[in-house]
Undergrad: 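After the structure tokens below, expect a handful of questions from me.
Just so we're on the same page: letters track the sequence lines, and every chain starts at 1. Remember, it's a predicted structure, so these values are computed and weren't measured experimentally.
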Number of protein chains: 2
Amino acid sequence: MNENKAAKRSRQPDSPPAEANARTRIFLAAEALVAERGFDAVSSRDITARAGVNLGAINYHYRSKHELLLEIFRTRAGELNRERQAMLRAALAQKPVSARTILRALIEPPTLWSSDERRTALTYLNRARREGPSEVREIIRADVRHLRRFATALESALPEVSREEILWRLHFTLGVLHHNSAADYERLALLSDGQCAPDDREALLARLLAFITAGFGV
Amino acid sequence: MNENKAAKRSRQPDSPPAEANARTRIFLAAEALVAERGFDAVSSRDITARAGVNLGAINYHYRSKHELLLEIFRTRAGELNRERQAMLRAALAQKPVSARTILRALIEPPTLWSSDERRTALTYLNRARREGPSEVREIIRADVRHLRRFATALESALPEVSREEILWRLHFTLGVLHHNSAADYERLALLSDGQCAPDDREALLARLLAFITAGFGV
DNA sequence: ACTCGTATCAAACACTTGTTTGAGATTTAT
DNA sequence: ATAAATCTCAAACAAGTGTTTGATACGAGT
């Protein structure tokens with residue numbers, strides 16, 4: 001059997017889709033296609049065609065299509081969480097801790113991922129959370145550990161609010177943050193006759209922060 | 001060909017999954033299965049098995065699986081929108097119009113759909129909006145007309161806020177409202193160690209209203 | 001030069017998908 | 001009761017799925 005001989009190979013497939021090895025070309029092609037069309041609308045043949053590799057390459061380099069999609073999720077979720085954690089640590093360093101700064105650590109990284117590659121990475125993450133295979137849920141449990149840190153941070157910044165209340169507001173906040181797929185913005189554009197453009201990320205960040213901090217009573 | 005001989009038949013498949021005609025049994029089985037497992041994880045064979053009918057029944061009573069899923073969406077979205085519009089009319093009747101009452105008209109109907117049948121109907125709607133086939137988007141355009149009424153209502157209740165700002169906040173609000181799939185609540189339960197239970201719909205409604213009205217500065 | 005691990009390829013695999021078919025049963029109306 | 005519409009059924013269909021196979025090419029390393 002071909003085993004996982006190639007499992008422990010190149011690390012982060014950062015950018016170049018042009019001429020990289022087949023493994024990262026598959027990674028990037030799959031990520032882009034899923035971001036565009038959705039999880040269940042992408043076949044192995046689509047991916048390999050876009051990557052310019054043979055059909056069997058997915059099963060050779062990754063063990064299966066399933067594991068490929070999981071690895072994409074793990075990689076991107078890790079990148080996002082690391083950025084958030086760094087900002088959270090910085091927020092907790094200054095005393096007194098500000099709820100606004102904590103919320104910014106949660107909101108800013110995904111909102112300011114505005115380059116093409118990072119936008120597709122974000123779209124992939126959102127799609128995976130919603131449509132992804134059940135194994136993604138396992139990883140989201142790891143996400144819970146990550147989110148719990150935000151909950152306790154907010155708890156110390158807002159001692160007058162109960163933990164249950166904070167968790168609910170965090171839940172609502174995640175609803176807002178996840179609501180930024182292409183379809184979501186399509187509806188907003190229709191609703192506003194193109195008046196509301198999501199391309200100005202800084203303005204969007206300001207709006208998001210204002211809406212959510214208000215919800216937290218800050 | 002069998003044409004659409006049975007296309008203009010029984011109207012609303014309200015509740016009884018027990019012993020109704022095959023058409024409504026298919027409707028309810030498909031709705032429940034999609035709500036449970038997601039759009040692309042439900043096959044024609046799953047549906048007909050659950051409904052206790054023959055495999056070909058879907059293509060006989062509805063023209064295709066596709067149209068079946070569309071009809072479910074149309075039916076439920078219509079029910080929800082009618083309730084919202086009724087509350088919106090009532091909110092606009094009293095002067096001066098209160099932004100809080102308008103927002104309640106948007107939030108309360110889906111939140112208080114707490115019977116089993118209506119919960120699955122809601123879950124179906126949310127799933128359709130996210131994972132659904134592209135034709136669902138067409139119907140969501142009709143939804144836009146529906147939402148625009150809320151936007152202009154809020155505009156008259158909050159004359160000091162620009163239309164663009166109102167549309168953005170409405171966009172955020174829909175993010176919160178759509179964030180109530182089973183998976184979403186699963187994460188909340190994990191995060192809170194089961195402390196946050198989404199079963200108390202009245203309490204949830206109060207929390208939602210507080211969070212969102214705060215976001216609107218009301 | 002010759003092997004060995006790695007990589008790529010076309011072809012086929014077993015399986016599931018939604019849909020169609022044609023015959024039989026059931027109901028309804030005249 | 002007779003005929004006509006309506007419905008149900010098992011079986012098969014073509015198309016698409018992810019994966020496996022075995023052959024072949026490449027590229028070092030001793």
Undergrad: Please check if the distance between the ring centroids of B:F150 and B:H146 is under 6.0 Å.
TA: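 Between B:F150 and B:H146, the centre distance is under 6.0 Å.
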
Undergrad: A:R201 side chain to A:L112 main-chain N or O, any donor-acceptor pair under 3.5 Å?
TA: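 Not a single qualifying donor-acceptor pair exists.
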
Undergrad: Going by salt bridge (charged side-chain N to carboxylate O under 4.0 Å, His left out), A:E71 matches just one of A:R63, A:R23, A:R76. Which one?
TA: A:R23

Undergrad: How many Å lie between CG on A:D40 and C1' on D:dT17, as a whole number?
TA: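 Taking atom C1' of D:dT17 as the reference, CG of A:D40 is at 12 Å.
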
Undergrad: Do B:T123 and B:N126 pair up side chain to side chain, a donor and an acceptor below 3.5 Å, judged on atom types alone?
TA: no

Undergrad: When the distance from CZ of B:R25 to P of D:dT8 is rounded to whole Å, what number comes out?
TA: 8 Å

Undergrad: Please tell me which of the listed nucleotides, D:dT17, D:dT8, C:dG18, lies nearest to the side chain of A:S43?
TA: D:dT17

Undergrad: Can you see if the side chain of B:S64 gets near the phosphate of C:dG18 - specifically, an N or O under 4.0 Å from OP1 or OP2?
TA: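 No, B:S64 has no side-chain N/O under 4.0 Å of OP1/OP2 on C:dG18.
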
Undergrad: Find the distance A:L33:CG to D:dG18:C1' and express it as a whole number of Å.
TA: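 Those two atoms, CG and C1', are 16 Å apart.
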
Undergrad: When you measure from the side chain of B:E131 to the backbone N and O of B:F39, does any donor-acceptor pair fall under 3.5 Å?
TA: yes

Undergrad: Evaluate the criterion salt bridge (Lys or Arg N to Asp or Glu O under 4.0 Å) for residue pair B:R127 and B:E31; output intermediate values, then yes/no.
TA: CA-CA 10 Å; B:R127 284 218 132 104; B:E31 179 182 44; over 6 Å; no

Undergrad: Is the distance from the ring center of A:F172 to that of A:F211 below 6.0 Å?
TA: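 Centroid distance A:F172-A:F211: not below 6.0 Å, so no.
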
Undergrad: Counting only side-chain nitrogens and oxygens, does A:H61 get under 4.0 Å of the OP1 or OP2 atom of C:dT8?
TA: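 Yes, because at least one side-chain N or O of A:H61 sits under 4.0 Å from OP1 or OP2 of C:dT8.
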
Undergrad: Between protein and nucleic acid, restricted to nucleotides 9-13 of chain D and to nitrogen or oxygen atoms under 3.5 Å apart, what atom pairs and distances do you find?
TA:
unit_1	atom_1	unit_2	atom_2	d
D:dC9	OP2	B:N54	N	3.4
D:dA10	N7	B:N54	ND2	3.1

Undergrad: Can you tell me how far P of C:dG18 sits from CD of B:E67, to the nearest Å?
TA: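 Going from CD in B:E67 over to P in C:dG18 covers 15 Å.
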
Undergrad: Could you tell me the separation between the OH atom of B:Y60 and the C1' atom of D:dC7, rounded to a whole number of Å?
TA: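 Nearest whole value for this atom pair: 5 Å.
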
Undergrad: Whole angstrom is fine here: how far is it from CG in B:L68 over to C1' in C:dT19?
TA: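 For the pair B:L68 CG and C:dT19 C1', the rounded distance is 14 Å.
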
Undergrad: Between A:D46 (CG) and D:dT19 (C1'), how many Å, whole number?
TA: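 In whole Å, D:dT19 C1' lies 16 Å from A:D46 CG.
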
Undergrad: Once you measure the plane-to-plane angle for A:H171 and B:H179, does it fall in the parallel (<30°), tilted (30-60°) or perpendicular (>60°) bin?
TA: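 Ring orientation, 0 to 90° scale: tilted.
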
Undergrad: Is the B:Y185 ring parallel, tilted or perpendicular to the A:W168 ring (thresholds 30°, 60°)?
TA: perpendicular

Undergrad: Return one dot-bracket line describing DNA chain D 5' to 3' (Watson-Crick or G-U wobble pairs, both distances under 3.5 Å; ( ) same strand, [ ] crossing, | another strand, . none).
TA: |||||||||||||||||||||||||.||..

Undergrad: Taking the side chain of B:N59 as heavy atoms from C-beta outward, which of D:dT8, D:dG18, C:dT20 is closest to it?
TA: C:dT20

Undergrad: Whole-Å distance between D:dG18 C1' and A:L69 CG?
TA: 12 Å

